[in-house]
Amino acid sequence: MLKRPEKTLGVLGGMGPAACAEFLRLLAKDAPAESDSEHPKIIMLSDPETPDRSNGIMGLGEDPLPVIRRNLLQLVEWGADVLAVPCNTAHYFIDRFRDELPVPLVHIVEATTEAAIELSKGNCSWLLATDGTQKSLIYPMCAEKMHYHFLRPSPEQQEKIQLCVRTVKAGDMKTAGEIMREVVSELWRERDVPVTMGCTELPLAYDASGLPNKRQVSSLKALSDACIKLLYRNAPESS
């Protein structure tokens with residue numbers, strides 16, 4: 001018998017919209033469901049006006065923390081039992097008040113690091129992320145707790161990665177895929193280990209690059225898998 005999740009998932013999206021749409025697609029595709037009623041109930045709040053997270057970390061724009069916090073609490077008020085945010089950089093701000101949230105949060109950085117450890121068999125992987133995520137060190141700090149190590153691109157390569165993120169947000173997947181292929185090929189010439197996509201736009205660029213899917217860790221897929229695992233754990237069997 002299949003199981004029907006009792007908990008409601010609250011998703012805070014809009015950071016960016018294409019990445020969140022892909023996250024929802026993965027939730028639908030990978031859920032162990034054979035009918036509509038066996039899929040999890042999802043409440044979504046998409047707020048594309050959330051101040052830029054990288055700019056906030058880099059000191060170049062408005063602090064997005066108040067908006068992110070308000071929106072997560074709004075999802076709880078609407079009935080969310082579990083929270084997920086398909087934006088890596090946002091978690092730098094979420095970590096400041098995570099313990100104050102009244103319901104559990106599926107943490108994308110923790111889920112992605114665990115997936116990277118599994119794919120790389122505990123060795124290491126390249127971390128591709130926004131400028132803000134790289135500066136925040138949320139991935140290296142998480143990895144250290146799990147006795148893992150991320151390799152980081154050069155400043156020149158990081159510029160290309162940030163351009164790739166902006167190109168995905170602009171909807172130009174073809175160009176984003178070309179940039180991704182160029183950067184990853186450079187990284188693999190330096191060290192041939194998997195690449196971890198520590199930004200939810202980057203798996204979309206990787207998909208458009210033609211590079212082998214088995215060599216990447218997608219933070220979108222890692223978050224989706226972690227949410228599904230939590231939602232279906234101890235779920236009652238459907239009749």
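One is the number of the first residue; the rest follow in order along the sequence. The shown structure was predicted, so the numbers you read here are calculated from the model rather than taken from an experiment.
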Query raised in the report: Which pair of heavy atoms, one from Ala222 and one from Ala115, lies closest together, and at what distance?
Result: CB-CB, 4.1 Å
Query raised in the report: Quick one: CG on Leu24 to NZ on Lys29, what's the gap to the nearest 0.5 Å?
Result: 14.0 Å
Query raised in the report: Between Val195 and Val217, is any pair of side-chain heavy atoms under 4.5 Å apart?
Result: no
Query raised in the report: Roughly how far, to the nearest 0.5 Å, is the CD atom of Glu118 from the OG1 atom of Thr113?
Result: 13.0 Å
Requested in this report: Return the minimal non-hydrogen interatomic distance between Ile179 and Cys164, and the atom names on each side.
Outcome: CG2-CB, 3.9 Å
Query raised in the report: How about Glu190 and Gln157: does a side-chain donor come under 3.5 Å of a side-chain acceptor?
Result: yes
Query raised in the report: To the nearest 0.5 Å, how far apart are OG in Ser125 and OH in Tyr148?
Result: 3.0 Å
Query raised in the report: When you look at Thr89 and Thr133, which way does the side-chain hydrogen bond (donor to acceptor under 3.5 Å, both in side chains) test go after all the steps?
Result: CA-CA 5 Å; Thr89 316; Thr133 294; 2.8 Å; yes
Report summary line: Shortest non-hydrogen pair, Met197 vs Tyr206, comes out as CE-CD1, 3.3 Å
Requested in this report: With rounding to the nearest 0.5 Å, note down the distance linking SG in Cys227 to CG in Leu26.
Outcome: 11.0 Å
**Report entry** Set of residues satisfying side-chain contact (heavy atoms from CB on, under 4.5 Å) with respect to Pro66, sequence neighbours excluded
**Finding:** Asp63
Query - Side chains of Ser219 and Asn88, donor plus acceptor under 3.5 Å - result: yes
Query raised in the report: Do Val109 and Leu202 share a hydrophobic cluster (ILVMFWY, side-chain heavy atoms under 4.5 Å, transitive)?
Result: no
Query raised in the report: How close do Glu6 and Asp81 get, heavy atom to heavy atom, and via which atoms?
Result: O-OD2, 4.2 Å
Query raised in the report: Counting only heavy atoms not in Glu186, do more than 12 fall under 6.0 Å of its CD?
Result: yes
Requested in this report: Please examine the side chains of Leu9 and Ile43, heavy atoms only from C-beta on, and report whether any two atoms are closer than 4.5 Å.
Outcome: no
Query raised in the report: Closest approach of Ile68 and Arg53, non-hydrogen atoms and distance?
Result: CD1-CG, 4.4 Å
Requested in this report: Side-chain contact test, heavy atoms from C-beta onward, threshold under 4.5 Å: evaluate it for Ser136 versus Phe93 and give yes or no.
Outcome: no
Query raised in the report: Mind checking whether Leu105 and Val82 have side chains closer than 4.5 Å, heavy atoms only?
Result: no
Query raised in the report: Do the side-chain N and O atoms of Tyr139 and Thr196 include a donor-acceptor pair separated by under 3.5 angstrom?
Result: no
Requested in this report: Answer yes or no: is there a side-chain heavy-atom contact under 4.5 Å between Pro51 and Asn55?
Outcome: no
Query raised in the report: So, His149 and Asn123: side-chain donor and acceptor under 3.5 Å apart, yes or no?
Result: no
Query raised in the report: Heavy-atom distance under 4.5 Å between the side chains of Ile94 and Phe97, does that happen here?
Result: yes
Query raised in the report: How about Glu178 and Thr175: does a side-chain donor come under 3.5 Å of a side-chain acceptor?
Result: no
Requested in this report: Give a yes or no on whether a salt bridge exists between Asp192 and Arg215, defined as a side-chain N under 4.0 angstrom from a carboxylate O.
Outcome: yes
Report task. Kindly compute the distance separating OG (Ser209) from CD (Gln216), expressed to the nearest 0.5 Å. Result -> 8.0 Å
Query raised in the report: Do Glu110 and Met146 touch side chain to side chain, with heavy atoms closer than 4.5 Å?
Result: yes
